[in-house]
Structure formats: structure tokens, C-alpha cells
Amino acid sequence: MNVTKAELIITAGNSSQFPQTEVTEIAFAGKSNVGKSSLINSLLNRKALARTSSQPGKTQTINFYNVQDIMNFVDLPGYGYAKVSKVQRENWGKLIEGYLSDRHALSKVVLLIDIRHAPSENDKLMYNWIAHYHKNVIVVATKADKLKRSQVNKHLAVIKKDLDLQAKDELIAFSATTKQGKDELWNLLSMENTR
């Protein structure tokens, strides 16, 4: 998709702040520092619409981005980051769970996994949750440029096996730096929006 309009609608710290929109929402989930903001910026052809940081746990709100007035991208706070307080982690958990289970506009959750590492227990829990509510899951293996090309398929195989991906699920190697996987992911998201 050639994106000419993309803007931040709201950063929501609680469910009362979620936008009342009729458009389809696609959420991006993954552990802290997996590259959600970089992926969103890459898909939207922006350098810094979604704020990136080398400091894990930077996104502490649910951020809604209008895309072409036809869908919203939703950047969820990263999970599994130990250096925030237990109370803060619990609050994020409730916020994310409330959004994922109650949001009628939500049509797809894209799960991001760092291609360099085997999926964590939190990744497996998130995959199982998404698979329970959605008939097919899109898993994006980020930071593919950090591996040699010859290593990519081996690492994808580990993710596929550890998450126990189903035949109907999609697994894409992605790099925000080289744009590898960008068109493939957009094709899947565009199909989702036309259903």
C-alpha cells in the first residue's frame, strides 16, 4: 500500500480514551524492544511517527495511528520487561488484555518476535491467546538484517516449532532497515482489511 496519510490519533492510558472509530484496527504485540515502533514506521513510510527507543519499556500506552482513513494501526505496550514496577506491569497487562478481549474494531493482532532469539514463555502465551481469538495469526520475525542470510531460515524454523504454528498461520522475516518483508506484510494486512 502506498501510504500518503498516517497520523497519531491518541495515546491511551486507559480504555475510556480509546477512539470511537468505525474502521478496522490491526494491533501489533510483542515483548519490549522487539521493534514494534520501527515496524509501524516502516509500513507507514515515516521515520519517527511511532517513537522508537533503545530503552525497553518506552511505550507505556496504547497508541492509535490512523492509516489512510481506512484502518488504524495500534501499537501495544511491550510485555516481559523486568525493569518496571510490578504494579506498572500489572496495569499494562490489564490495559492490553482489556483492549484485546473487548475491542470490536480489532480484526487482527500481529505478533512480533526477535528473529535472533527463540520465543519466550510470554511470546508463547501471546501466540496462544491470539490463536484462540483469531483464525490465523501473522507472526513477524523482526531484525532479520542482524542475521546472515544463510541463518534466516534456520531461525524461522525455531520460531515455527517453538510456537507450534499452524499451517494457516503466516511467518514473515522482516527488517525495518532493509525493508525485507514489508510488501509481504502489507499484502496480508490489505487482504485482512478487505474481508
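One is the number of the first residue; the rest follow in order along the sequence. Values below: every heavy atom of this structure, side chains too, minus hydrogens, waters and symmetry copies.
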What pair of heavy atoms forms the shortest contact from S37 to D75, and how long is it? OG-OD2, 3.2 Å
Looking only at heavy atoms, the pair that brings I130 and L111 closest together is CD1-CB, 3.9 Å
Straight-line distance of I62 CD1 to I96 CD1, nearest 0.5 Å: 6.5 Å
Does K148 offer a backbone N or O that forms a donor-acceptor pair with the side chain of Q151 under 3.5 Å? yes
Do L43 and L189 come close enough that some side-chain heavy atom pair is under 4.5 Å? yes
Can you give me the closest heavy-atom contact between Q180 and A144, atom names plus distance? OE1-CB, 3.7 Å
S38 backbone acceptor or donor facing S42 side chain under 3.5 Å: no
Is there side-chain contact between I113 and V140, with at least one heavy-atom pair below 4.5 Å? no
Inspect the surroundings of NZ in K160 and state if more than 12 heavy atoms from other residues, nucleotides or ligands are less than 6.0 Å away. no
Using modelled atom types only, decide if a donor and an acceptor are shared between the side chain of Q166 and the backbone of D164 within a distance under 3.5 Å. yes
Report yes if some heavy atom in the side chain of M71 is under 4.5 Å from a heavy atom in the side chain of I26; otherwise report no. yes
Output for pair (D123 CG, L163 CG), nearest 0.5 Å, gives 7.0 Å
Tested for side-chain hydrogen bond (donor to acceptor under 3.5 Å, both in side chains) against N136, the lone hit among E170, K168, K108 is K108
Can you sort out the partners of D162 under side chain to side chain donor-acceptor pair (under 3.5 Å), two or more places apart, ordered by chain and number? none
Is a salt bridge present between K124 and E121, judged by a nitrogen-to-oxygen distance below 4.0 Å? yes
Kindly determine whether E25 and S107 satisfy side chain to side chain donor-acceptor pair (under 3.5 Å), including the steps that lead there. CA-CA 6 Å; E25 290 180 354; S107 74; over 6 Å; no
Identify whether L49 and V67 are in the same connected component of the hydrophobic contact network (ILVMFWY, side-chain heavy atoms under 4.5 Å). yes
What's the shortest heavy-atom distance between Q17 and T11, and which atoms? OE1-O, 4.1 Å
ring-ring contact (aromatic ring centres under 6.0 Å, His included) pairs touching residues 3-48, sequence neighbours excluded, are F18-F64, F18-Y99, F28-F73
Can any side-chain N or O of K146 pair as donor or acceptor with the backbone N or O of D114 at less than 3.5 Å? no
If I take atom CE from residue M126 and atom OH from residue Y79, how far apart are they, to the nearest 0.5 angstrom? 5.5 Å
Please step through side chain to side chain donor-acceptor pair (under 3.5 Å) for the pair N14 and K94, ending with a clear verdict. CA-CA 9 Å; N14 60 65; K94 287 178 193 160; over 6 Å; no
To the nearest 0.5 Å, atom NZ of K179 lies from atom CG of L185 at 13.0 Å
When you look at S120 and N122, which way does the side chain to side chain donor-acceptor pair (under 3.5 Å) test go after all the steps? CA-CA 5 Å; S120 66; N122 283 331; 5.0 Å; no
Tell me whether T142 contacts the main-chain N or O of V34 through its side chain, where contact means a donor paired with an acceptor under 3.5 Å. yes
Provide the closest heavy-atom pair for I115 versus A173 in the form atom of the first, atom of the second, distance. CD1-CB, 4.3 Å
Strictly distance-based, threshold 3.5 Å: is any side-chain N or O of N66 a donor or acceptor partner for the main-chain N or O of E7? no
Donor-acceptor check, side chain of Q68 to backbone of T4, threshold 3.5 angstrom: yes or no? yes
In this structure, are over 12 heavy atoms from other groups packed under 6.0 Å from K154 atom NZ? no
Taking atom OG of S101 and atom OH of Y133, what is their separation to the nearest 0.5 Å? 6.0 Å
Heavy-atom side-chain proximity of D69 to V23 below 4.5 angstrom: no
Ignoring hydrogens and angles, tell me if any N or O in the side chain of R46 forms a donor-acceptor pair with the backbone of L44 under 3.5 Å. yes
As an exercise, state the distance from NZ of K31 to NZ of K36, rounded to the nearest 0.5 Å. 11.0 Å
Can you find a heavy atom in the side chain of I172 that is under 4.5 Å from one in the side chain of V139? no
Correct closest heavy-atom pair for L112 and V110 would be CD1-O, 3.7 Å
Is there a chain of hydrophobic side chains (I, L, V, M, F, W, Y, each step under 4.5 Å between heavy atoms) that links L8 to I70? yes
